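Worth saying up front: this structure is predicted, and the values here are computed from it rather than measured. So you know, we letter chains A, B, ... as the sequences are listed, proteins then strands, and number each from 1. What you see below is based on every heavy atom in this structure, not just the backbone, and it leaves out hydrogens, waters and symmetry mates.
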There are 2 protein chains.
Amino acid sequence: MPTTLTIGKLGQASGVNIETIRYYERNGLLPSPTRSSSGYRHYREDDVKRLRFIRRGRELGFGLEEIRSLLQLTDQPQQPCDTADQLVQKHMAEVDARIRDLQAIRAALGQLAGCQSQTAEHCRLLEALEERDCCIKSGHVPD
Amino acid sequence: MPTTLTIGKLGQASGVNIETIRYYERNGLLPSPTRSSSGYRHYREDDVKRLRFIRRGRELGFGLEEIRSLLQLTDQPQQPCDTADQLVQKHMAEVDARIRDLQAIRAALGQLAGCQSQTAEHCRLLEALEERDCCIKSGHVPD
DNA sequence: GCTAAACCCTGTAGCCGCTACAGGGTCAAG
DNA sequence: CTTGACCCTGTAGCGGCTACAGGGTTTAGC
Ligand SMILES: [Zn+2]
Ligand SMILES: [Zn+2]
Ligand SMILES: [Zn+2]
Ligand SMILES: [Zn+2]
């Protein structure tokens with residue numbers, strides 16, 4: 001049982017791509033690990049936890065800056081957590097807004113699906129995008 | 001009533017940002033317009049329509065490549081429109097998937113909102129991201 | 001001991017769809 | 001004739017990765 005991990009093992013253990021791990025290091029989300037004499041990175045178990053933290057944050061849709069401030073908070077357990085809670089609220093509102101936008105898009109697409117025309121001339125989608133008042137408004141029905 | 005438009009007027013008429021118009025031209029979505037002797041772009045009414053087409057496509061969430069192929073189709077009214085219809089189906093499935101993902105995120109966030117703890121140590125969000133079995137699993141209730 | 005595969009390193013560039021400059025030239029109103 | 005609004009090109013940045021190229025290192029098998 002090794003006490004340190006190479007970047008490949010860390011990737012496996014955390015479920016994060018190797019290139020992404022290096023990217024996080026460059027961006028200061030993951031501390032620079034110790035290096036072997038030949039320059040290989042060597043990680044500790046803590047780094048697995050930290051990476052998994054980041055990954056779950058990403059899965060919830062948080063941005064890297066938000067995750068950065070959450071990570072900072074975990075290092076100071078006695079600090080008040082209202083910034084974290086505000087982050088949840090703000091993010092939840094954004095998610096709600098995106099869902100609403102997508103549902104509007106989805107509804108519009110539903111109107112355009114199931115085109116009966118065979119040709120572009122009276123295609124539902126194209127008429128809608130061109131704002132042509134043909135089949136939809138004038139009641140023309142394609143063969 | 002001018003027969004040609006400068007890029008600024010085109011932007012106003014179409015609701016598309018000037019920089020975006022030039023970007024579309026670079027990417028071949030909008031044909032290169034004629035130029036005045038001093039190099040200014042001069043657009044025709046058709047270009048307004050084309051830009052509005054692109055804008056509505058974007059509002060429905062289509063990518064520029066998809067819009068490019070739809071634009072091609074509008075120039076050939078006798079062509080079959082099945083590629084357009086398949087595009088709608090495919091895109092609608094993507095939107096549905098995206099909505100489902102966001103709803104899962106939204107539900108997870110709902111569980112994490114309304115944290116009662118005052119400190120980071122027992123913050124709902126942080127415990128969840130750290131996968132710590134504290135308040136949630138062990139039933140510990142913060143003050 | 002040697003070779004081949006599997007791993008690691010740095011640095012750079014690409015993805016999408018814009019947006020924002022910097023550093024110039026041009027045109028119209030007063 | 002100046003001022004300000006417009007226009008031009010070219011380049012770089014956003015977020016969050018991902019994919020090389022072109023090297024060096026370690027490890028397993030023979
Ligand atoms: Zn029609
Ligand atoms: Zn159709
Ligand atoms: Zn707790
Ligand atoms: Zn909290």
Side-chain angles (χ1 to χ4, degrees), chain A residues 2 4-30 32-43 47 50-71 87 90-91 94-95 98 101 105, chain B residues 2 4-30 32-43 47 50-71 91 94-95 98 101 105:
Chain A
T4 64
L5 304 157
T6 61
I7 196 169
K9 299 294 176 191
L10 177 63
Q12 284 185 328
S14 63
V16 176
N17 187 312
I18 293 178
E19 317 258 25
T20 307
I21 294 173
R22 288 196 278 249
Y23 170 75
Y24 288 162
E25 182 184 335
R26 277 201 300 283
N27 282 35
L29 278 171
L30 202 62
S32 298
T34 57
R35 300 279 187 140
S36 73
S37 53
S38 58
Y40 281 28
R41 290 169 177 83
H42 285 299
Y43 294 96
D47 296 317
R50 199 172 174 94
L51 260 185
R52 294 174 70 87
F53 184 103
I54 296 171
R55 186 165 68 84
R56 278 186 298 273
R58 291 292 300 132
E59 284 168 359
L60 287 175
F62 288 106
L64 295 185
E65 283 312 311
E66 293 171 320
I67 291 171
R68 187 198 306 281
S69 69
L70 292 174
L71 280 168
L87 228 53
K90 175 169 148 282
H91 187 47
E94 288 165 1
V95 170
R98 300 247 306 288
D101 288 353
I105 287 174
Chain B
T4 64
L5 304 157
T6 62
I7 195 169
K9 298 295 176 191
L10 176 63
Q12 285 185 327
S14 63
V16 176
N17 188 311
I18 293 178
E19 317 257 26
T20 306
I21 295 173
R22 287 196 278 250
Y23 171 75
Y24 288 161
E25 182 184 336
R26 276 200 302 281
N27 282 34
L29 278 171
L30 201 62
S32 299
T34 58
R35 301 279 188 138
S36 72
S37 54
S38 57
Y40 282 27
R41 290 170 177 83
H42 285 298
Y43 294 96
D47 296 317
R50 198 171 174 96
L51 261 184
R52 294 175 70 88
F53 184 103
I54 297 171
R55 186 164 70 82
R56 278 187 296 273
R58 292 291 300 132
E59 284 167 359
L60 287 176
F62 288 106
L64 295 186
E65 283 312 310
E66 294 172 318
I67 291 171
R68 188 197 308 279
S69 70
L70 292 173
L71 279 168
H91 186 48
E94 288 165 1
V95 170
R98 191 97 194 82
D101 288 352
I105 288 175

- Spacing between A:Arg55 atom CZ and D:dC17 atom C1', to the nearest angstrom: 16 Å
- Query: Checking all strands, does A:Tyr24 fall into the base, sugar-phosphate, or nothing category for heavy-atom contacts under 4.0 angstrom?
  - Reply: sugar-phosphate
Under-3.5 Å N/O pairs linking protein and nucleotides 6-9 of chain C:
{"residue": "C:dC8", "atom": "OP1", "partner": "A:Thr6", "partner atom": "OG1", "Å": "2.9"}
{"residue": "C:dC8", "atom": "OP1", "partner": "A:Gly8", "partner atom": "N", "Å": "2.7"}
{"residue": "C:dC9", "atom": "OP1", "partner": "A:Arg41", "partner atom": "N", "Å": "2.9"}
{"residue": "C:dC9", "atom": "OP1", "partner": "A:Arg41", "partner atom": "NH1", "Å": "2.8"}
{"residue": "C:dC9", "atom": "OP2", "partner": "A:Arg22", "partner atom": "NH1", "Å": "2.5"}
{"residue": "C:dC9", "atom": "OP2", "partner": "A:Arg41", "partner atom": "NH1", "Å": "3.3"}
{"residue": "C:dC9", "atom": "O5'", "partner": "A:Arg41", "partner atom": "NH1", "Å": "3.4"}
{"residue": "C:dC9", "atom": "O3'", "partner": "A:Arg35", "partner atom": "NH1", "Å": "3.4"}

- Query: What closest approach, in Å, do B:Pro33 and B:His42 show between heavy atoms, and which atom pair accounts for it?
  - Reply: CB-O, 3.4 Å
- Query: Minimum heavy-atom separation for B:Asn27 to B:Arg68, with atom names?
  - Reply: O-NH1, 3.0 Å
- Message: Rounded to whole Å, how long is the line connecting atom CG of B:Leu5 with atom P of C:dC27?
- Response: 17 Å
- Here the gap from B:Leu10 atom CG to B:Leu51 atom CG, rounded to the nearest 0.5 Å, amounts to 5.0 Å
- Once you round it to whole Å, what is the distance between C1' of D:dG16 and CD of A:Glu66? 13 Å
- Separation of atom CG in A:Leu64 from atom P in D:dT18, rounded to whole Å: 12 Å
- Query: Do you know the tightest heavy-atom contact between A:Asp47 and A:Leu30?
  - Reply: O-CD1, 4.3 Å
- Note on the structure: Between CD of B:Glu19 and C1' of D:dC14 the distance, given in whole Å, is 14 Å
- Between C:dG17 (P) and B:Leu51 (CG): distance, integer Å: 15 Å
- Query: What integer distance in Å separates A:Asn27:CG from D:dG16:P?
  - Reply: 9 Å
- Query: Checking B:His91 side chain against B:Leu60 main chain: does a donor-acceptor pair fall under 3.5 Å?
  - Reply: yes
- Message: Tell me whether the side-chain N/O atoms of B:Arg58 come closer than 4.0 Å to OP1 or OP2 in C:dC18.
- Response: yes
- Query: How many angstroms lie between CZ in B:Arg50 and CG in B:Leu71, if you round to the nearest 0.5 Å?
  - Reply: 4.5 Å
- Task: Take atom CG of B:Asn17 and atom P of D:dC6, then tell me their distance rounded to the nearest Å.
- Result: 14 Å
